Amino acid sequence: MRKNILSILAVVMLLVIILLGFCYIRNQKEFNSETLDAVPISSECVLQFSSLDKFQELLSDSKSIVKDINRFKGVMSVKSIFDSICRKVESNSSFSDIKTDKSFVCATKLTGKSDVELLFVFPVNNYNEQGQIKDFLKDVFKGYLVNNRKYSGEIITSYVKGNKQLHTAFIEGLLLLSESTIFVEDAIRQMSTTPKLRDIEDFKKVQKTASSNSEVNIFINNVNISRLLMLVSAKEYKDLFSSFSSLASWTSLDLDVDNNYIQLNGFSKTGDKRFDMFDMFVNQQPVSSQLINIIPSGVAAFSLFCLSDIQKFREDYGKYLNQTGRLRNYRKGNGAIKDFVWRRF
């Protein structure tokens, strides 16, 4: 009898050791999900930041131009949230293991007629770090009403206090964070559906051009961005931004911030099944210009088109106008200009 009891105890202890070992290995197992995989493909704009540390530095008031940008209501709201998060990390040593030097993304979504929502997607190393982040969020949002609910098999946690609210979810090694619960739901659905953003050929091509040395990489869905630009622009520019959907398919921009200016450099990929505005420049070669040497220094902005084959450009421009349904108006306007010149000269 005694031997049987010892055997049972030995088996139980072995099972406990195996279970503890499994839990330890599980907690240390590295996740390998890509942050871009959670971004809904309908997003108008995706910003990729090199790290949370760099993001906090970017939003700091140390640079004059950033100080002006921080006055915008939406930027102020985001800055307030991340400032409080970073202060908690710095002040509490128990959260020092949470990595803030990893790349993350922010996506935009236009909801209704006038609301622009943001979704942040952060990578999580393993289950151990996921547990630390959960404890960290509880500490940051202490005093908030906390609500947990299931959506498509995942837990969405909402922190609510008055008119402030933040919704979070962990899924396959990613932390989703947004003030819009609908945006979090969209991201959860995106994780289990295809295609993902990285599967779209035009996006893949512009992504390859993004610089790893820039503070922010911006990816613009030209087809969807026009609605967002029309929302935030003045009335007289709405017609201009409505044509952005026919510029190209996707655009990649590298953003670098100096004290007094913001610099953007990038590339656009036109669609294969339509003739976009930027297709008009495919058959053009670089042409040097002396205008930059003589233009007055007080000029605020100017556009310069250097064309190597004007006739080809005119043909392609007509093709573009015909596709967008504006060829007739162009011809009428062109005829009116000719009549005006003929009457004067």
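Model, not experiment: these values are computed from the prediction. Computed over heavy atoms, backbone and side chain alike; hydrogens, waters and symmetry mates excluded. Along the sequence shown, residues are numbered consecutively beginning with 1.
- The existence of a salt bridge linking Lys273 and Asp276 is excluded, since no basic side-chain nitrogen approaches an acidic carboxylate oxygen closer than 4.0 Å.
- Within 6.0 Å of CD1 in Ile310 there are 12 or fewer heavy atoms belonging to other residues, nucleotides or ligands.
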- Task: Assess whether side chain to side chain contact (heavy atoms under 4.5 Å, CB included) is satisfied between Phe120 and Val105, documenting all intermediate values.
- Result: CA-CA 6 Å; Phe120 290 88; Val105 299; over 6 Å; no
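- Shortest non-hydrogen contact noted between Asn148 and Thr157 is OD1-OG1, 2.6 Å.
- Comment: Asp316 does not engage Arg314 in a salt bridge, judged by the lack of any side-chain N to carboxylate O separation of less than 4.0 angstrom.
- Between Tyr144 and Tyr159, the ring centre distance reaches or exceeds 6.0 Å.
- Using a 4.5 Å heavy-atom threshold, the side chains of Ile188 and Ile156 count as touching.
- Using cut-offs of 30° and 60° on the angle between ring planes, the pair Phe49 and Phe104 is parallel.
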- Please step through side chain to side chain contact (heavy atoms under 4.5 Å, CB included) for the pair Leu307 and Phe281, ending with a clear verdict. CA-CA 8 Å; Leu307 306 172; Phe281 301 97; 4.1 Å; yes
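- In this structure a side-chain-to-backbone donor-acceptor pair under 3.5 Å is present from Asn224 to Ser42.
- Heavy atoms of other residues, nucleotides or ligands lying less than 6.0 angstrom from CZ of Phe275 number more than 12.
- The CG atom of Leu137 sits 6.5 Å away from atom CG of Leu175, with the distance rounded to the nearest 0.5 Å.
- A donor-acceptor contact closer than 3.5 angstrom links the side chains of His167 and Ser158.
- Side-chain N or O atoms of Lys196 include none that pairs as donor or acceptor with a backbone N or O of Leu36 at under 3.5 Å.
- The CZ atom of Phe203 sits 12.0 Å away from atom NZ of Lys208, with the distance rounded to the nearest 0.5 Å.
- Using modelled atom types, no side-chain atom of Ser252 and backbone atom of Thr209 make a donor-acceptor pair closer than 3.5 Å.
- In this structure, the separation between OG on Ser249 and CD on Glu201 is 11.0 Å, given to the nearest 0.5 Å.
- In this structure, Gln263 CD and Leu255 CG are separated by 9.0 Å, a value rounded to the nearest 0.5 Å.
- Ile133 has its side chain within reach of Val124: a pair of non-hydrogen atoms, C-beta onward, lies under 4.5 Å apart.
- In summary, of the residues considered (Asn265, Asp256, Asp254), a side-chain contact (heavy atoms from CB on, under 4.5 Å) with Ser211 occurs for Asp254 alone.
- Not one N or O on the side chain of Gln48 forms a donor-acceptor pair closer than 3.5 Å with the backbone of Asn217.
- In this structure, Ile182 places its CD1 atom where only 12 or fewer heavy-atom neighbours from other residues, nucleotides or ligands lie under 6.0 Å away.
- Heavy-atom neighbours of Asn293 CG from other residues, nucleotides or ligands within 6.0 Å: above the threshold of 12.
- Remark: the backbone N or O of Leu291 is paired with a side-chain donor or acceptor of Ser289 at under 3.5 angstrom.
- Proximity of a side-chain donor or acceptor of Ser103 to a complementary backbone N or O of Ser50 within less than 3.5 Å is not detected.
- Across Tyr320 and Met277, no two heavy atoms sit closer than the pair OH-CE, 3.1 Å.
- Evaluation of the side-chain hydrogen bond (donor to acceptor under 3.5 Å, both in side chains) rule for Glu185 yields Arg149 as partners, not counting sequence neighbours.
- For the atom pair CZ of Phe278 and CG of Asn222, the computed distance is 7.0 Å after rounding to the nearest 0.5 Å.
- From Leu145, atom CG reaches atom CG of Asn147 across 6.5 Å, with rounding to the nearest 0.5 Å.
- Between Ser268 and Val206, the closest heavy-atom pair is C-CG1, 4.3 Å.
- In terms of heavy-atom proximity, Gln284 sits nearest to Ser308 at OE1-N, 2.9 Å.
- Salt bridge annotation for Lys142-Asp139: present, with a cationic side-chain nitrogen under 4.0 angstrom from a carboxylate oxygen.
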- Item | Full working for side chain to side chain contact (heavy atoms under 4.5 Å, CB included) between Lys319 and Glu315 | CA-CA 6 Å; Lys319 186 176 178 181; Glu315 293 173 3; over 6 Å; no
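- Taking 4.5 Å as the limit, every side-chain heavy atom of Lys109 sits out of range of all side-chain heavy atoms of Leu119.
- Annotation for Met191 and Ile171: closest pair CB-CD1, 3.7 Å, computed over non-hydrogen atoms.
- Using modelled atom types, no side-chain atom of Ser178 and backbone atom of Val184 make a donor-acceptor pair closer than 3.5 Å.
- The minimum heavy-atom distance between Val223 and Ser226, with the atom names listed, is O-OG, 4.0 Å.
- Between Glu129 and Lys102, at least one side-chain N (NZ, or NE/NH1/NH2) sits under 4.0 Å from a carboxylate O, which counts as a salt bridge.
- The backbone N or O of Asp37 lies less than 3.5 Å from no partner atom in the side chain of Gln190, so there is not a single donor-acceptor pair.
- Considering only residues two or more places apart in sequence or on other chains, Val282 meets the side-chain contact (heavy atoms from CB on, under 4.5 Å) condition with Asp279.
- Looking only at distances, no side-chain donor or acceptor of Glu44 sits under 3.5 Å from a matching main-chain atom of Asn221.
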- Message: Apply side chain to side chain contact (heavy atoms under 4.5 Å, CB included) to residues Thr108 and Leu110 and explain how you reach the verdict.
- Response: CA-CA 7 Å; Thr108 68; Leu110 184 59; over 6 Å; no
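- Side chain of Ser43 to main chain of Val39: no donor-acceptor pair is present (N/O by atom type, distance under 3.5 Å, no hydrogens or angles).
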